[in-house]
**Q** 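So that we are looking at the same thing, I have put the structure below in structure tokens.
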There are 2 protein chains.
Amino acid sequence: MSKQLSGDLARADSLAREIFSDIANKWALLIVETIGDSTKRFTELKTEVDGISHKMLTQNLRLLERNGLVTRVVHPTVPPRVDYTLTEPGQALRATVDAMCAWTTRYLSEIEEARSRFGHSS
Amino acid sequence: MSKQLSGDLARADSLAREIFSDIANKWALLIVETIGDSTKRFTELKTEVDGISHKMLTQNLRLLERNGLVTRVVHPTVPPRVDYTLTEPGQALRATVDAMCAWTTRYLSEIEEARSRFGHSS
DNA sequence: CGGTATCCCCCGGGATACTG
DNA sequence: CAGTATCCCGGGGGATACCG
């Protein structure tokens, strides 16, 4: 089954592949992870997702919104206030991102070691 | 705990973040997924990971090798033959990518619908 | 066959400024 | 505060050619 999935996505099987390509980029995933189960304002995300530029943030938020992963609520106040929240699909994706994050920390040392080994091979 | 992870990675907490940025790109993930639990040659990957260029493939394979996610075995034959296999860390990552793939197919219809809704809002 | 190197173009994405 | 628009540069990444 997982082999089936792999085949479906590795090959340009249309929509699934397109979505995967949209989602599988660090900014989108970091944003999803940062929103988590809470509700975040634009500026909160801007400061919490370290290193992201204003442009990349809006761009990726639009992307996520377009794919129905986040809801965007505009409060008609002044100054304006916009809240972002994960939808149910977004939450489901977040679970997998959590797994990736866990993986990263779990294998930190192994990776570090692999890197040093790789350095002086040649 | 997952909130902790989120914080650690969203902020530029050095190494973990760097690794995440390396890994969280579509080509690397698709390659991992494509190798799966088997052993693949360069050309196999080239044809199976649809749309990837020669350059991107080698580049990402080096990246994965450097981080200890794949092993690269060169057979000193002629013509040469190189086999790529996932290491244990690589397999572990693959499990999470499987989850992302499953997510994609699971929510295909929802996403499709979200997109059409997004289209005629303005 | 697999890898490296070179060329070169295009666009990702940062910085800045302006609207509501 | 949030978003859009404009400018502009660097490098991502494709195409091609050449080694082992």
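Below, read A as the first sequence line, B as the second, and so on, with proteins coming before strands; counting in each chain starts at 1. Computed from a predicted structure; not experimentally measured.
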**Q** Tell me: CG of A:Asn60 to C1' of C:dG14, nearest whole Å?
**A**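 So the CG-C1' distance, A:Asn60 to C:dG14, works out to 14 Å.
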
**Q** Any idea which of C:dT4, D:dG3, D:dG14 is nearest the B:Lys55 side chain?
**A** D:dG14

**Q** In whole Å, I'd like the distance from the CG atom of B:Asn25 to the P atom of D:dG12.
**A** 12 Å

**Q** Sort out for me which residue in A:Arg72, A:Arg41, A:Glu65 forms a side-chain hydrogen bond (donor to acceptor under 3.5 Å, both in side chains) with A:Tyr84.
**A** A:Arg72

**Q** On DNA chain C, nearest-nucleotide positions of A:Ile52 versus B:Thr58: which is more 5'?
**A** B:Thr58

**Q** To the nearest angstrom, how far is B:Leu57 atom CG from D:dG13 atom P?
**A** 13 Å

**Q** So for A:His54 and C:dG14, does any side-chain atom that can act as donor or acceptor lie under 3.5 Å from a complementary atom in the base?
**A** no

**Q** When the distance from CZ of A:Arg72 to P of D:dC1 is rounded to whole Å, what number comes out?
**A**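 Going from A:Arg72 (CZ) to D:dC1 (P), I get 17 Å.
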
**Q** Nearest whole angstrom, please: distance from the P of C:dG13 to the CE of A:Met56.
**A**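 It is 5 Å, rounded to the nearest whole Å.
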
**Q** When the distance from CH2 of B:Trp27 to C1' of D:dG12 is rounded to whole Å, what number comes out?
**A** 13 Å

**Q** Without decimals, in angstroms, what is the distance between B:Leu64 CG and C:dG3 P?
**A**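 Whole-Å distance recorded here is 13 Å.
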
**Q** Give the rounded distance in Å between these two atoms: NZ of A:Lys46 and P of C:dG14.
**A**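 Distance, rounded to whole Å: 9 Å.
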
**Q** Verify side-chain hydrogen bond (donor to acceptor under 3.5 Å, both in side chains) between B:Tyr107 and A:Glu88, making sure each step is shown before the conclusion.
**A** CA-CA 10 Å; B:Tyr107 287 98; A:Glu88 192 259 325; 2.7 Å; yes

**Q** Specify the residue among A:Pro80 and A:Gln59 whose closest nucleotide of DNA chain C lies further upstream toward the 5′ end.
**A** A:Gln59

**Q** Donor-acceptor pair, B:Thr87 side chain versus B:Gly68 backbone, under 3.5 Å?
**A** yes

**Q** According to a strict under-4.0 Å criterion, is B:Tyr84 in side-chain N/O contact with OP1 or OP2 of C:dC1?
**A** no

**Q** Checking B:Gln91 side chain against B:Gly36 main chain: does a donor-acceptor pair fall under 3.5 Å?
**A**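 Yes: the side chain of B:Gln91 pairs with the backbone of B:Gly36.
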
